[in-house]
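Report on the structure given below.
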Amino acid sequence: MTVDLQRQTALLGWYARHARRLPWRAPTGQLADPYGVVVSELMLQQTRVDTVIDYFARWVQRWPHWQALAAAPLDDVLAQWTGLGYYNRARNLHRTAQTVVAEYGGVLPRDVAALAALPGLGPYTVGAVRSIAFGQPAALVDGNVARVLARWYGLRHDPMAGTGKAQVWQWAADHLQPATAACQHPQDWNQALMELGATVCTPKQPQCQQCPVATGCVAHALDLTLAIPPPRQRTTVVPIAACYYAVQRLPQPQDRDGILVLLGKRGEHGRWAGLWEPPGAEGPDAAAQMLTFAEQCGLQAQRPLPTLVHVLTHRRYAVQATAGTLGDRPLPDPAHWGYTAWRWTTVAEALANTSGLSRLGQKIVGLLAAPPPLL
DNA sequence: AAGGCGGGGAG
DNA sequence: CTCCCAGCCTT
């Protein structure tokens, strides 16, 4: 196929003028620190730039290099990820750091196969690391690039699946060599494509008037910009009824920080794996289960808390929470309630950004701190 | 190829 | 409400 060198030059020039300054991004024409690239790319998977900026700054301040991250306990890594979601990414990043230290002497390998074997690094992220950290002429396709190229060529299929996906990856590869020949910096070309998709060639309100490559864009010429890429199949959201208990413990002589709240640590698999939350259950018999839990704890002074809703991509939690005070009985076996451990903490600590709670868990604890509802 | 996996911002 | 974001892993 032929590629439009003129439009490539236009896009590269646009990127040199309009690139956002991001904490992990090197100036145009330069390479970025491999550790920072991997950390930022793992955080950015399915997550917006604006959300990641603060997390990235705190992360590299606490763990500035592979050795520091590899030596950190997994619980600390998960806690530092609190609120970012998709917590397997944090586990993968941690395991990647340990592999880099143990297998590669603390230096990220430059080899494609070695990179692709690292946990958490898929086709997109490998392309990003190779080009942005090492300057290798490696193509990449993320949601932005897929949308830009699909519109550029008037692709009528979903660019993220099946033949459309293969087509877009081919286009990305076709562009890379001549674009790199023009600017000598494959990292700039890849980031220019993504930047255009993130700031100009957006899904809903593309700014075609400001687009440096609108000339020759098939979708723009045919007025199909909003129809390409085609809308994806809508996911069905499953409603889940859940019942949680905010169990408090009155201050004891060793408690200097006032009333404490009980947390359980979730198992190593499934949703919110390894994260903490107030004890709860989900499903049709959740309320009955938790009633038993309350009896086992000898829960006193029970009062219902306002109901709350927590929405995930495929699940919608409707949570009925109850507050109560622990009696003088010992806590039941956490394993019987789906947890690997119990822990007491203050409300303020549970609501902190490094608490290791899921956002749902924080919402439940937050009900204790919220003012009572007006009647 | 399909399902699981979070959370939040924008319209 | 809706959509979808610098995706990956498991089955």
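Below, chain A is the first sequence line, B the second, and so on; all start at residue 1. Basis for what follows: all heavy atoms, side chains included, without hydrogens, waters or symmetry-related copies.
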For this session: Return the set of residues passing salt bridge (charged side-chain N to carboxylate O under 4.0 Å, His left out) with Lys265(A) (not counting sequence neighbours), or none when no residue passes.
Result: Asp75(A)
Exercise. Using the C1' atom in both, what is the distance from dA6(C) to dG3(B), to the nearest Å?
Worked result: 22 Å
For this session: Look at the side-chain N and O atoms of Asn144(A) and state whether any lies under 4.0 Å from the OP1 or OP2 oxygen of dA6(C).
Result: yes
Problem set entry | Candidate pair Leu275(A) and Thr82(A), rule side chain to side chain contact (heavy atoms under 4.5 Å, CB included), full reasoning | CA-CA 9 Å; Leu275(A) 273 66; Thr82(A) 296; 5.9 Å; no
Exercise. Base, sugar-phosphate alone, or nothing: which one does Arg25(A) contact when heavy atoms must sit under 4.0 Å apart?
Worked result: base
Problem set entry | Contacting residues from residues 265-276 of chain A, given that a heavy atom lies under 4.0 angstrom of DNA chain B | Gly270(A), Arg271(A), Trp272(A)
Seminar exercise, completed: Residue pairs passing the side chain to side chain donor-acceptor pair (under 3.5 Å) test with at least one member in residues 132-142 of chain A, sequence neighbours excluded, are Arg130(A)-Gln136(A)
Exercise. Below 4.0 angstrom from OP1 or OP2 of dG7(B), is there any side-chain N or O of His310(A)?
Worked result: yes
Problem set entry | Steps toward side chain to side chain contact (heavy atoms under 4.5 Å, CB included) verdict (Val141(A), Lys165(A)) | CA-CA 9 Å; Val141(A) 174; Lys165(A) 178 180 178 181; over 6 Å; no
For this session: Have a look at Gly83(A) and say if it touches a base, only the backbone sugar-phosphate, or nothing, with a 4.0 Å heavy-atom cut-off.
Result: sugar-phosphate
Problem set entry | Nearest-nucleotide 5' precedence on DNA chain B, Tyr86(A) against Lys363(A) | Tyr86(A)
For this session: Indicate, with a heavy-atom threshold strictly under 4.0 Å, whether Leu22(A) touches base, sugar-phosphate, or nothing.
Result: base
For this session: Indicate, with a heavy-atom threshold strictly under 4.0 Å, whether Ser40(A) touches base, sugar-phosphate, or nothing.
Result: nothing
Seminar exercise, completed: Residues pairing under ring-ring contact (aromatic ring centres under 6.0 Å, His included) where one sits in residues 20-56 of chain A, two or more places apart or in two chains, turn out to be Trp24(A)-Phe56(A), Tyr35(A)-Trp66(A)
For this session: Would you mind telling me which residue lines up with the more 5' stretch of DNA chain B, Tyr87(A) or Gly162(A), judged by nearest nucleotide?
Result: Gly162(A)
For this session: Quick one: list whatever passes side-chain contact (heavy atoms from CB on, under 4.5 Å) with Ala241(A), sequence neighbours left out.
Result: none
Exercise. Got a sec? Which of residues 312-322 of chain A come in under 4.0 Å of DNA chain B, heavy atoms?
Worked result: Leu312(A), Thr313(A), His314(A), Arg315(A)
Problem set entry | Rounded distance in Å - CZ (Phe56(A)) to P (dA6(C)) | 17 Å
For this session: For Trp24(A), answer base if it contacts any base atom (sugar-phosphate contacts may also be present), sugar-phosphate if it contacts only those atoms, and nothing otherwise; contact means non-hydrogen atoms under 4.0 Å.
Result: base
Seminar exercise, completed: Contacts of Thr322(A) meeting side-chain contact (heavy atoms from CB on, under 4.5 Å) (sequence neighbours excluded), chain-then-number -> Tyr245(A), Gln302(A)
Problem set entry | Gln46(A) vs dG7(C): side-chain N/O to OP1/OP2 distance below 4.0 Å | yes
Exercise. Short question: side chain of Thr47(A), backbone of Gln45(A) - any donor-acceptor pair under 3.5 Å?
Worked result: yes
For this session: Evaluate whether atom NE2 of His65(A) has more than 12 neighbouring non-hydrogen atoms of other residues, nucleotides or ligands under 6.0 angstrom away.
Result: yes
Exercise. Separation of Asp158(A) atom CG from dA1(B) atom P, in whole Å?
Worked result: 11 Å
For this session: Calculate the interatomic distance between Asn88(A) atom CG and dG7(B) atom C1'; express it in whole Å.
Result: 15 Å
Problem set entry | Value in whole Å for how far the C1' atom of dG6(B) lies from CH2 of Trp81(A) | 11 Å
Could you pull out all donor-acceptor pairs under 3.5 Å where a side-chain atom in residues 100-117 of chain A meets a protein atom, sequence neighbours excluded?
from	atom 1	to	atom 2	distance (Å)
Asp111(A)	OD2	Ala113(A)	N	3.3
Asp111(A)	OD2	Ala114(A)	N	3.1

Would you tabulate the side-chain donor-acceptor contacts of residues 209-220 of chain A under 3.5 Å, counting partners in other chains and residues two or more places apart, or write 'none'?
none

Kindly give the atom pairs (protein nitrogen or oxygen, nucleotide nitrogen or oxygen) under 3.5 Å for nucleotides 9-11 of chain B.
from	atom 1	to	atom 2	distance (Å)
dG9(B)	N2	Arg48(A)	NH2	3.3

Exercise. How long is the line joining CG of Leu226(A) and P of dC3(C), in whole Å?
Worked result: 15 Å
For this session: Check salt bridge (charged side-chain N to carboxylate O under 4.0 Å, His left out) between Asp76(A) and all other residues, then give those that pass, not counting sequence neighbours.
Result: Arg62(A)
For this session: Starting from P on dC5(C), measure out to CG on Leu44(A) and report it in whole angstrom.
Result: 13 Å
For this session: Tell me, yes or no, whether the heavy-atom count around Arg156(A) atom CZ, taken from other residues, nucleotides or ligands under 6.0 Å, exceeds 12.
Result: no
For this session: Find the distance Ile228(A):CD1 to dC3(C):P and express it as a whole number of Å.
Result: 19 Å
Short heteroatom pairs, N/O only, protein and nucleotides 9-11 of chain C, under 3.5 Å:
from	atom 1	to	atom 2	distance (Å)
dC9(C)	OP1	Gly120(A)	N	2.7

Exercise. Can you list the steps and then say if Gln8(A) with His175(A) is a side chain to side chain donor-acceptor pair (under 3.5 Å)?
Worked result: CA-CA 8 Å; Gln8(A) 288 183 350; His175(A) 274 282; 2.8 Å; yes
Problem set entry | Atom-to-atom span, CD of Gln45(A) to P of dG7(C) - whole angstrom | 7 Å
Exercise. More than 12 heavy atoms of other residues, nucleotides or ligands under 6.0 Å from CZ of Arg20(A): is that the case?
Worked result: yes
